[in-house]
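Residues take their numbers from the sequence shown, with the count starting at 1. Each ligand, and each atom within it, is numbered from 1 in the order the structure gives. Quick caveat: nothing in here was measured; it's all calculated off a predicted structure.
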Amino acid sequence: MPDIKIISASVRKGRRSHGVAKFFKTFLEEKNLASAEIIDLHNYAFPLFDERLRFQESPSEAMLDFAGKINKSDGIIIVTPEYNGGYPASLKNAIDLLYDEWYHKPVAIATVSDGIFGGTQVIMSLQFVLWKMKAWVVNARFPVTRVQESFDENGIPADKTATDKRAGSFIDELLWCIEAKRRMEK
Ligand SMILES: Cc1cc2nc3c(=O)[nH]c(=O)nc-3n(C[C@H](O)[C@H](O)[C@H](O)COP(=O)(O)O)c2cc1C
């Protein structure tokens with residue numbers, strides 16, 4: 001069974017996108033699609049980036065733990081809010097710590113906002129950053145509109161049937177890439 005990590009990017013007080021990360025964990029586990037774990041950037045509380053992990057003399061336990069989890073995972077879901085047309089600094093702060101760990105890593109991006117566009121303006125900039133890092137950005141989208149109405153804080157969707165259907169197509173693409181990579185590396 002693939003190991004999928006879900007990066008929850010918002011570190012904001014009263015954040016709503018964390019519920020979406022919880023939804024994906026439950027979805028993957030309930031449908032027996034993957035083992036799933038949330039990487040909560042709020043808990044990691046990384047200091048402002050000052051050097052890449054591989055050049056640090058004494059990296060923190062938290063950074064080593066983060067790197068190990070990304071490295072070992074078969075695929076990643078990033079759940080990110082949109083802040084002023086971009087993704088939060090907490091996410092770039094964490095992405096830049098690593099390099100080799102992102103190599104050929106299938107990454108699916110779920111975007112979140114409290115408005116009607118579902119954070120979709122984030123996609124191009126985040127996709128480009130991940131492409132630069134040689135990650136494999138999966139060709140699927142999961143925009144969450146009006147997050148305050150569409151998910152509760154425990155990740156229960158207001159419309160489970162429709163949300164599960166959308167999540168199914170999104171996750172299928174990620175699983176396809178994970179399987180394709182596994183076959184290439186056999
Ligand atoms: C600094 C900041 C900037 C925001 N900019 C946008 C934006 O450009 N577009 C948008 O649709 N929502 C924007 N929002 C609203 C967020 O989509 C909303 O707060 C959402 O809940 C953010 O996710 P979070 O609660 O997990 O942090 C912004 C929110 C903040 C805090």
Open item on the list: Looking at non-hydrogen atoms alone, which of E82, H18, Q148 comes nearest to atom 7 (C) of ligand 1?
Closed with: E82
Task: salt_bridge(K69, E37) N-O dist < 4.0 Å - done: yes
- [ ] Before accepting this row, confirm whether a basic side-chain N of the pair K31/D164 lies closer than 4.0 Å to the acidic partner's carboxylate O.
- [x] yes
Task: Protein heavy atom at shortest distance from atom 20 (C) of ligand 1 - done: D114 N, 4.2 Å
Task: ligand 1 versus S113: contacting region, heavy-atom distance under 4.0 Å - done: both
- [ ] Give the numbers and elements of all ligand 1 atoms closer than 4.0 Å to a heavy atom of R12.
- [x] 19 (O), 21 (O), 24 (P), 25 (O), 27 (O), 31 (C)
Task: D159 with K165: basic N within carboxylate O range, under 4.0 Å - done: no
TODO: Under the side chain to side chain contact (heavy atoms under 4.5 Å, CB included) rule, collect the residues that match up with D152, sequence neighbours excluded.
DONE: N154, I156
Task: Identity of the nearest option to atom 4 (C) of ligand 1, non-hydrogen atoms only, from T111, N84, T120 - done: N84
TODO: Would you mind listing which atoms of ligand 1 come within a distance below 4.0 Å of any non-hydrogen atom of G85?
DONE: 8 (O)
Task: More than 12 heavy atoms from other groups under 6.0 Å of CZ on F49 - done: yes
- [ ] Give the atoms of ligand 1, by number and element, whose distance to some non-hydrogen atom of V147 is under 4.0 Å.
- [x] 21 (O)
TODO: Among all protein heavy atoms, pick the one closest to atom 22 (C) of ligand 1 and tell me residue, atom and distance.
DONE: P81 CB, 3.5 Å
Task: Polar proximity ligand 1 side, Y83 side, N/O cut 3.5 Å exclusive - done: yes
Open item on the list: Less than 6.0 angstrom from the centroid, inside 45 degrees of the normal: does R141 satisfy that with respect to the ring of F170?
Closed with: no
- [ ] Report, in ascending order of atom number, the atoms of ligand 1 lying under 4.0 Å from any heavy atom of S10.
- [x] 24 (P), 26 (O), 27 (O)
Task: Which residue and heavy atom of the protein sit nearest atom 26 (O) of ligand 1, plus the separation - done: S17 OG, 2.5 Å
Task: Atom of F23, atom of G155 and distance for their closest heavy-atom approach - done: CB-O, 3.3 Å
Task: Proximity of R15 to ligand 1 by residue part, where a heavy atom lies under 4.0 Å - done: both
Open item on the list: Suppose the criterion is side chain to side chain donor-acceptor pair (under 3.5 Å): which pairs have a residue in residues 104-122, not counting sequence neighbours?
Closed with: none
